[in-house]
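When a residue number appears, it is its place in the shown sequence, counting from 1.
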Amino acid sequence: FAADLPGVSLALSLHAPTQHKREAIMPAARAYPLPRLMGALEAHMAAARPHTPTSRVAMVEYIMLRDVNDAAEDADALAALLSPHAHKLMVNL
């Protein structure tokens with residue numbers, strides 16, 4: 001996608017930092033395993049061109065659900081999952 005439209009930013013609805021929790025929140029997540037999804041995100045970020053030096057090429061959306069995905073452990077896991085790409089993406093809580 002980014003190779004064809006390198007100036008387009010990506011929005012990814014993640015909602016949980018683990019595959020198990022993603023499937024509990026969104027059953028359709030079974031069709032898109034987390035490793036495959038992260039691979040696609042990484043490929044997009046490698047090919048995309050930001051509009052400005054401070055622009056982000058991807059946004060990760062994360063809806064916080066009380067007692068489902070809002071624990072400190074979830075925040076730590078999300079940070080670990082996304083931190084290698086922090087300079088190219090933003091997280092929308």
List the atom of Arg56, the atom of Ser9, and the distance in Å for their closest heavy-atom pair.
O-OG, 3.4 Å
Do Glu42 and His85 get their side chains close enough for a donor-acceptor pair, meaning under 3.5 Å?
yes
Applying side-chain contact (heavy atoms from CB on, under 4.5 Å) to Arg22 and Leu37, what does each step give before you reach the verdict?
CA-CA 12 Å; Arg22 288 182 66 243; Leu37 195 61; 3.4 Å; yes
Whether the side chain of Gln19 engages the backbone of Pro35 through a donor-acceptor N/O pair (distance < 3.5 Å, no angle test) should be reported.
no
Is any side-chain heavy atom of Ile25 closer than 4.5 Å to one of Leu65?
yes
Going by heavy atoms in the side chains, are Tyr62 and Leu78 under 4.5 Å from each other?
yes
Cluster link Leu81 to Leu93, ILVMFWY, side chain under 4.5 Å
yes
Any side-chain heavy atom of Leu10 within less than 4.5 Å of one from Met45?
no
Begin from the C-alpha positions of Lys21 and Asp74 and carry the test side-chain contact (heavy atoms from CB on, under 4.5 Å) through to its verdict.
CA-CA 10 Å; Lys21 284 193 178 186; Asp74 296 310; 2.6 Å; yes
Please give me the minimum heavy-atom distance between Arg30 and Pro33, naming the atom from each residue.
O-CD, 4.1 Å
Leu34 and Leu14, any side-chain heavy atoms less than 4.5 Å apart:
yes
Got a donor-acceptor contact below 3.5 angstrom from the Arg49 side chain to the Val57 backbone?
no
Do Met38 and Val91 share a hydrophobic cluster, counting only Ile, Leu, Val, Met, Phe, Trp and Tyr and linking them when any side-chain heavy atoms are less than 4.5 Å apart?
yes
For Ile63 and His15, the nearest pair of non-hydrogen atoms, with its separation, is N-ND1, 2.9 Å
Pairwise side-chain contact, Leu12 with Met59, heavy-atom cut-off 4.5 Å (strictly under)
no
